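Note sheet for the following structure.
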There are 2 protein chains.
Amino acid sequence: MKKITIGEAARQSGVKVPTIRYYEGIGLLSAPNRSEGNQRSYEPSDLNRLAFIRHARELGFEIDAIRTLLQLQDDPHQSCASADAIAKARLIEVEQRIRSLNALKAELEQMVEGCGHGRVDQCRVIEVLADHGKCVHPHH
Amino acid sequence: MKKITIGEAARQSGVKVPTIRYYEGIGLLSAPNRSEGNQRSYEPSDLNRLAFIRHARELGFEIDAIRTLLQLQDDPHQSCASADAIAKARLIEVEQRIRSLNALKAELEQMVEGCGHGRVDQCRVIEVLADHGKCVHPHH
DNA sequence: CTACATCCTCTAGCGACTAGAGGTACAAGA
DNA sequence: TCTTGTACCTCTAGTCGCTAGAGGATGTAG
């Protein structure tokens with residue numbers, strides 16, 4: 001039963017020290033035991049939880065969604081319908097975001113290509129920004 | 001020379017009233033003349049500026065980048081190299097974001113497909129979140 | 001003249017952290 | 001044992017780009 005300091009937990013989980021404290025503050029992570037000198041001392045299970053959180057954050061889940069997912073994980077007999085719904089909602093978000101970013105990409109490419117690298121009054125970048133009508137797809 | 005109220009400006013530009021005031025506060029938009037009763041009164045040129053800002057925001061440019069782009073627009077004899085650089089940087093950001101979101105999409109699809117819609121202990125969503133190693137592309 | 005929409009300023013809040021001040025604890029070396 | 005240096009503690013405030021709300025003044029239509 002070796003003690004895991006917050007720094008060690010940060011190193012192993014890839015979550016920064018202040019962020020771990022922040023997660024504790026908002027109740028995403030339960031408060032760990034403290035050493036005699038009032039320092040946080042984590043258990044291996046806390047590391048799993050942190051890894052879970054980090055992974056979910058990387059996948060773009062919001063803190064509130066992660067809160068729900070963690071509760072589900074804690075109670076394995078529950079139906080996984082909500083986990084499924086959360087993941088599906090996130091998937092739809094991501095798909096929309098990709099579509100929208102692809103439209104932006106097309107727009108930006110047009111701008112950059114059209115730029116004659118001369119003076120501002122011939123610059124397509126500025127021109128397109130000033131006049132939305134000059135966009136390839138005016139609906140972004 | 002009809003007076004354009006902030007509400008009218010908001011309607012015509014698609015930028016919300018408090019946001020217009022916010023842009024004035026941070027110096028992105030110059031402070032307009034005021035009516036006798038201290039209400040903002042905009043000129044048509046302000047509407048162009050607002051449209052420019054809105055368009056740039058839609059394309060995901062940061063406020064600071066827009067500040068620079070607006071300065072360039074005001075001085076058409078300048079080289080457009082910086083406008084070009086800003087747009088290129090934004091394009092690279094967007095491309096990276098699209099790549100990363102595509103990876104996330106693959107991950108989320110795997111999760112959602114693999115979910116047997118049963119109980120949490122068989123749920124692929126929770127399982128993958130808990131174990132990064134189960135990801136399709138572990139490098140996101 | 002009276003509603004009522006719109007405007008004004010100001011402060012505080014959002015999400016998800018991040019930075020910094022000012023102080024305490026702990027591990028390693030002299 | 002002492003010292004040095006790192007890591008830890010709490011707390012507040014800042015980031016970005018707005019958004020919400022309080023509390024009051026102004027403008028317009030009937």
Side-chain angles (χ1 to χ4, degrees), chain A residues 2-29 31-42 46 49-50 52-70 86 89-90 93 97 100 104, chain B residues 2-29 31-43 46 49-70 86 89-90 93 97 100 104:
Chain A
K2 60 205 162 191
K3 48 196 161 178
I4 303 170
T5 66
I6 196 169
E8 194 47 39
R11 236 162 282 128
Q12 289 193 31
S13 68
V15 179
K16 289 181 197 156
V17 169
T19 306
I20 296 177
R21 286 198 279 249
Y22 168 73
Y23 287 160
E24 184 185 323
I26 61 169
L28 197 59
L29 208 58
N33 293 327
R34 298 290 184 122
S35 75
E36 283 200 11
N38 196 35
Q39 304 202 336
R40 287 169 182 82
S41 179
Y42 292 94
D46 293 319
R49 215 162 171 88
L50 263 180
F52 186 106
I53 295 170
R54 190 201 167 187
H55 194 189
R57 286 297 298 137
E58 277 173 1
L59 290 168
F61 289 97
E62 293 176 2
I63 297 285
D64 265 5
I66 297 175
R67 217 183 283 273
T68 306
L69 291 169
L70 283 169
I86 290 172
R90 178 71 193 133
E93 265 175 42
R97 193 93 188 95
S100 131
L104 295 197
Chain B
K2 60 204 164 191
K3 47 195 162 179
I4 304 171
T5 66
I6 195 169
E8 194 46 39
R11 236 161 282 129
Q12 289 192 34
S13 67
V15 180
K16 289 180 196 157
V17 169
T19 306
I20 296 177
R21 287 199 278 250
Y22 168 73
Y23 287 160
E24 185 185 323
I26 61 168
L28 197 59
L29 209 57
N33 293 327
R34 298 290 184 122
S35 75
E36 284 200 10
N38 196 35
Q39 304 202 340
R40 287 170 181 82
S41 179
Y42 292 95
E43 311 288 325
D46 293 319
R49 216 161 170 89
L50 262 179
F52 186 105
I53 295 170
R54 189 201 168 187
H55 194 187
R57 286 296 298 138
E58 278 173 1
L59 290 168
F61 290 97
E62 292 177 1
I63 297 284
D64 264 6
I66 297 174
R67 216 184 283 274
T68 306
L69 291 169
L70 283 169
I86 289 172
R90 177 72 192 132
E93 264 175 44
R97 193 94 188 93
S100 130
L104 295 196

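The sequence lines fix the lettering, A, B, ..., with proteins before strands; numbering per chain opens at 1. Only a predicted model underlies this, so the values are computations on that prediction, with no experimental measurement involved.
When the side-chain nitrogen and oxygen atoms of A:R40 are compared with OP1 and OP2 of D:dC8, none of them lie within a distance under 4.0 Å. Not one side-chain nitrogen or oxygen of B:S35 sits closer than 4.0 Å to the OP1 or OP2 atom of D:dT26. The shortest distance between the side-chain N/O atoms of B:K16 and the OP1/OP2 oxygens of D:dC18 is not below 4.0 Å. Put simply, A:T5 has no side-chain N or O that comes within less than 4.0 Å of OP1 or OP2 on D:dA7.
Residue B:F61 contributes atom CZ, which lies 18 Å from atom P of D:dC16 at whole-angstrom precision. A straight line from CG of A:L50 to P of C:dC17 spans 12 Å, rounded to a whole angstrom. Between the CZ atom of B:R54 and the P atom of D:dG17 there is a distance of 17 Å, given to the nearest Å. The interatomic distance linking B:N38 (CG) with D:dG23 (P) rounds to 21 Å, in whole Å. In this structure, B:Y22 atom OH and C:dC8 atom P are separated by 18 Å, rounded to whole Å. Taking atom CD1 of A:I20 as the reference point, atom P of C:dA16 lies 18 Å away to the nearest angstrom. In this structure, A:R21 places its CZ atom 13 Å from P of C:dT18, rounding to the nearest Å. The interatomic distance linking A:Q39 (CD) with D:dA7 (P) rounds to 12 Å, in whole Å.
Candidate nucleotides D:dT19, C:dT18, C:dC7 were compared by shortest atom distance to the side chain of B:V17, and C:dC7 ranks first.
Nucleic acid contact for A:R11: none, since no nucleic acid atom lies under 4.0 Å from a heavy atom of the residue. Heavy atoms of A:I6 sit under 4.0 angstrom from primed sugar atoms or phosphate atoms, though from no base atom.
Between A:T19 and A:G37, it is A:T19 whose nearest contact on DNA chain C lies nearer the 5' terminus.
In this structure, the separation between NZ on B:K3 and CD on B:Q39 is 9.0 Å, given to the nearest 0.5 Å. In this structure, OH on A:Y23 lies 8.5 Å from CG on A:L50, to the nearest 0.5 angstrom.
Using a cutoff of 4.0 Å between basic side-chain nitrogens and carboxylate oxygens, B:R90 and B:E93 are scored as salt-bridged. For A:D64 and A:R67, the salt-bridge test passes: some basic side-chain N is under 4.0 Å from an acidic carboxylate O.
For B:E62, the CD atom counts as loosely surrounded, since its 6.0 Å shell holds 12 or fewer non-hydrogen atoms of other residues, nucleotides or ligands.
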